[in-house]
*Asks:* 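Sharing a structure below in C-alpha cells format, with a few things to ask.
These values consider heavy atoms only, across backbone and side chains, with no hydrogens, waters or symmetry-generated copies.
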Amino acid sequence: MGKFIYYQKVITGLIGLSVVVLLSACGGEKSSSPSVSQELSSKIDLGENLFSDTNLSLNRSQSCASCHDPDHAFVDSRQDSDGLSGAVSVGDDGVSIGDRNAQTAAYAQFSPDFHYGDRPRFNSQESDYSGFLGGQFHDGRELDLAGQAEGPPTNPLEMGMPDRASVVDRVLENEAYKSAFESLFGADLFADVDAAYAAIAECIAEFEGTGQFAEFDSKYDRSLVGEASLSLKEAFGKALFFSQTNTNCATCHQLRVNGHKQELFTSFEYHNIGVPINHAVRDLNGASLDEGLLANPLVEELTERGKFKVPTLRNVAVTEPYMHNGLFRDLETVIKFYDQFHVDSLFPNNPETGVSWQDPEIEETVNREELTAGHSLDQDEVEALVCFLRTLTDARYEHRVQSKNIGCED
C-alpha cells in the first residue's frame, strides 16, 4: 500500500444505512457457474465477461463493473441513503469503504506508463511541465491497465479475495473460461498461479482498451466535424476554457493542439490543488493523512506530497462526485473552488455548505501560482464553463446530464 494507508476497516455500526443501500446495488447472488455473455474467442471477449463477473469477489457480490459501471460512464453509480453516488466505494464485505473516489475507467487506456518527464503546454500562461506523468490510479502507482486490474480482486477492502490462487480457482469454476484461457494462453497456463492471474488481468485490460471505453462522440467532438453546433453559452465556455489569459483550465486539461477530436482533456500531470479533507468519509473510515503521490512506491521526494493525477474531463458532467476524495457534488462548485484562490474572487464560500472553503489537506505543496493565473470569474462565466464541460459527455450518456438550475441552450 506504500506510505499511505488508503483504506481502513470500518465497523458495521459506524457505516449504517448508507452502506446497506450501497451494498444492495451490488447484487450478491451466489453462482458457482457464472454465465458467459458471448463466445470467448478472444482476450477482449474474456475481459468483457470478467469485468462484470461478481464471482471474482469473496462474497460473489462485486465485480469491476460495480465501481466502474458501463451504464454510468464507468464510475461507481451505487447510491447512498440520500440517493446520491457515494464519495467513495464500499467493499465486497459490505463494511469497508475507501478514502478515494473511484475514477472513471473511460479513456484510462490513453494514460502513459508512469514516468518522470517533460510535457509542452498549449494555451497556457505557465511554463512547460517537468515532473511525474501518467500511470493508473490517483497516484499512478500502477504503470498500466493490466497492473491496475490486478489490484482490486485481492484487496481486502475491495473485492476481498484472500490471494491470487483463490481468484484463479473462481475462474476455473467456469469451464468456458478455462477452455478459453487455455486456448489463448496455452494448455499449461493454470499450472502457474501467477501466470494465470496475470492473464486474467491482461484480458480485463484488453477489454478496457476497446472503443467502448473511448467513444469520442460527444457534442464537442461532433461540433468539430460539423455534426453539431454549440450554443452561445457553450461556445463562450469553450473560449474561456481554452483562453491563454482568462482562465488556466487548458494548462492542465489540454493535451493536443488545435482542438483535435482526440483531445483527452487531461495532461496526465500531478498537482496539489488544495483539496480539503472529506470529513464525512474520514469520520467513517478513520483513514489518516492522504499524501497523494507519495503513496506511489516510486516517489520519495517530499515536494510531491499531496499531488494527484489530473483527471480527464471527458464525461465529467456525469461522473460526480468530484476531486480525488469525492468532496464536491456539482461542477459549479468545482469551478468556484478553483476561483476562490483569487484574492478578488466573488465566491468566498462553498455553495454546497454555505460556509468558507476549508483549508487544504496538505498546504505546503499547493500550486498557488497556477491556481491564481487568469482572472477571477463571475457567475455567467462559471455557468458558461459548466455548459462547455457538459458538451464533453459521450453520446450514450448525454441523457444523464442534469441541468442543476443551469440552462445551456440559446
*Asks:* What residue among F242, F241, F388 forms side-chain contact (heavy atoms from CB on, under 4.5 Å) with C249?
*Replies:* F241

*Asks:* Is a side-chain N or O of N272 found less than 3.5 angstrom from the main chain of I362, in a donor-acceptor match?
*Replies:* yes

*Asks:* Please name the pair of heavy atoms, one in F337 and one in P276, separated by the smallest distance, quoted to 0.1 Å.
*Replies:* CE1-CD, 4.0 Å

*Asks:* Using modelled atom types only, decide if a donor and an acceptor are shared between the side chain of N349 and the backbone of P351 within a distance under 3.5 Å.
*Replies:* no

*Asks:* Once rounded to the nearest 0.5 Å, what's the spacing between atom CG of D53 and atom OH of Y177?
*Replies:* 3.5 Å

*Asks:* Measure the spacing between CD of E320 and CG of N101 and express it to the nearest 0.5 Å.
*Replies:* 10.5 Å

*Asks:* Taking the side chain as C-beta and beyond, is there a heavy-atom pair between E361 and V275 under 4.5 Å?
*Replies:* no

*Asks:* Test V75 against S85 for side chain to side chain contact (heavy atoms under 4.5 Å, CB included), laying out the working first.
*Replies:* CA-CA 9 Å; V75 295; S85 297; over 6 Å; no

*Asks:* Examine distances only and state if a side-chain atom of S57 and a backbone atom of S61 form a donor-acceptor pair shorter than 3.5 Å.
*Replies:* yes

*Asks:* For E332 and Q379, what are the C-alpha separation, side-chain angles and deciding distance, and is it a side-chain hydrogen bond (donor to acceptor under 3.5 Å, both in side chains)?
*Replies:* CA-CA 9 Å; E332 182 178 0; Q379 182 65 26; 2.9 Å; yes

*Asks:* Is any side-chain heavy atom of N325 closer than 4.5 Å to a side-chain heavy atom of V281?
*Replies:* no

*Asks:* Would you say that F122 contacts Q244 through its side chain, given a criterion of any heavy-atom pair below 4.5 Å between the two side chains?
*Replies:* no

*Asks:* Quick check: do M323 and V334 have side-chain heavy atoms less than 4.5 Å from each other?
*Replies:* yes

*Asks:* Kindly say whether C408 contributes a backbone atom to a donor-acceptor pair with the side chain of S231 at under 3.5 angstrom?
*Replies:* yes

*Asks:* Rounded at 0.5 Å granularity, tell me how far CZ in F137 sits from CG in N296.
*Replies:* 11.0 Å

*Asks:* Using the side-chain contact (heavy atoms from CB on, under 4.5 Å) definition, which of the options L230, L224, L392 pairs with K219?
*Replies:* L230

*Asks:* Side chain to side chain contact (heavy atoms under 4.5 Å, CB included) for R400 and D71? Distances and angles first, verdict last.
*Replies:* CA-CA 10 Å; R400 297 197 176 279; D71 292 330; 4.3 Å; yes

*Asks:* Could you tell me whether the side chain of S218 and the main chain of D221 form a donor-acceptor pair under 3.5 Å?
*Replies:* yes

*Asks:* Would a 4.5 Å heavy-atom cut-off, applied to side chains only, mark S63 and L56 as touching?
*Replies:* no

*Asks:* To the nearest 0.5 angstrom, please state how far the CZ atom of F207 sits from the CZ atom of F51.
*Replies:* 6.0 Å

*Asks:* Could you walk me through whether R282 and D99 pass the salt bridge (charged side-chain N to carboxylate O under 4.0 Å, His left out) test, one step at a time?
*Replies:* CA-CA 7 Å; R282 290 284 173 84; D99 198 53; 2.9 Å; yes

*Asks:* Just by modelled atom types, is the A214 backbone N or O under 3.5 Å from a matching donor or acceptor in the R314 side chain?
*Replies:* no

*Asks:* Any donor and acceptor pair, going by atom type alone, linking the side chain of E363 with main-chain N or O of P360 inside 3.5 Å?
*Replies:* no

*Asks:* Can you list the steps and then say if Y129 with H271 is a side chain to side chain contact (heavy atoms under 4.5 Å, CB included)?
*Replies:* CA-CA 11 Å; Y129 174 85; H271 295 283; 3.9 Å; yes

*Asks:* Checking the side chain of D80 only, and the main-chain atoms of G86 only, is there a donor and an acceptor separated by less than 3.5 Å?
*Replies:* no

*Asks:* Please find the pair of heavy atoms, one from G274 and one from V366, that lie closest to each other, and give the distance.
*Replies:* CA-CG2, 3.8 Å

*Asks:* Using atom types as modelled and distance alone, determine if a side-chain donor or acceptor of N49 lies under 3.5 Å from a backbone N or O of S52.
*Replies:* no

*Asks:* Is the shortest side-chain heavy-atom distance between C67 and E158 below 4.5 Å?
*Replies:* no

*Asks:* Take E263 and K238, measure what salt bridge (charged side-chain N to carboxylate O under 4.0 Å, His left out) needs, and give me the verdict at the end.
*Replies:* CA-CA 13 Å; E263 174 61 59; K238 177 182 177 180; over 6 Å; no

*Asks:* For the atom pair CD (E383) and NZ (K404), what is the distance rounded to the nearest 0.5 Å?
*Replies:* 14.0 Å

*Asks:* Test Y107 against every option in F265, F74, F268, F216 by the ring pair (Phe, Tyr, Trp, His ring centres under 6.0 Å) rule and name the one that passes.
*Replies:* F216

*Asks:* Scan the side chains in residues 113-120 for donor-acceptor partners under 3.5 Å anywhere in the protein, sequence neighbours excluded, and list what turns up.
*Replies:*
residue	atom	partner	partner atom	Å
H115	ND1	D113	O	2.8
D118	OD1	S130	OG	2.5
R119	NE	E269	OE2	2.8
R119	NH1	Q254	O	3.3
R119	NH2	T251	O	3.0
R119	NH2	E269	OE2	2.9

*Asks:* A quick test of your reading: do over 12 heavy atoms of other residues, nucleotides or ligands sit less than 6.0 Å from CG of D128?
*Replies:* yes

*Asks:* Would E126 and R121 count as a salt bridge (charged side-chain N to carboxylate O under 4.0 Å, His left out) here? Give the steps.
*Replies:* CA-CA 8 Å; E126 307 303 315; R121 286 167 162 175; 5.4 Å; no

*Asks:* Can you name the nearest heavy-atom pair linking L331 to A317, along with the distance?
*Replies:* CD1-CA, 3.8 Å

*Asks:* In Å, rounded to the nearest 0.5 Å, how long is the span from CG of L313 to OH of Y322?
*Replies:* 10.0 Å

*Asks:* Answer yes or no: are there more than 12 heavy-atom neighbours, outside E227 itself, under 6.0 Å from its atom CD?
*Replies:* yes

*Asks:* Minimum heavy-atom separation for L346 to D378, with atom names?
*Replies:* CD1-CA, 3.9 Å

*Asks:* Hey, does E370 have a side-chain heavy atom less than 4.5 Å from the side chain of C252?
*Replies:* yes

*Asks:* If you take all heavy atoms of G134 and K309, which pair is closest and at what distance?
*Replies:* O-CD, 3.7 Å

*Asks:* Evaluate V318 against V401 for side chain to side chain contact (heavy atoms under 4.5 Å, CB included), listing each step before the verdict.
*Replies:* CA-CA 6 Å; V318 294; V401 176; 3.8 Å; yes

*Asks:* Write down the atom of H342, the atom of A373, and the distance for their closest heavy-atom approach.
*Replies:* CE1-O, 3.5 Å

*Asks:* Would you please test N315 and D394 for side-chain hydrogen bond (donor to acceptor under 3.5 Å, both in side chains) and show each step?
*Replies:* CA-CA 6 Å; N315 293 316; D394 289 350; 3.2 Å; yes

*Asks:* Are the side chains of I406 and R390 in contact, using a 4.5 Å heavy-atom criterion?
*Replies:* yes

*Asks:* For L371, does its backbone N or O pair with a side-chain atom of N248 as donor and acceptor, under 3.5 Å?
*Replies:* no

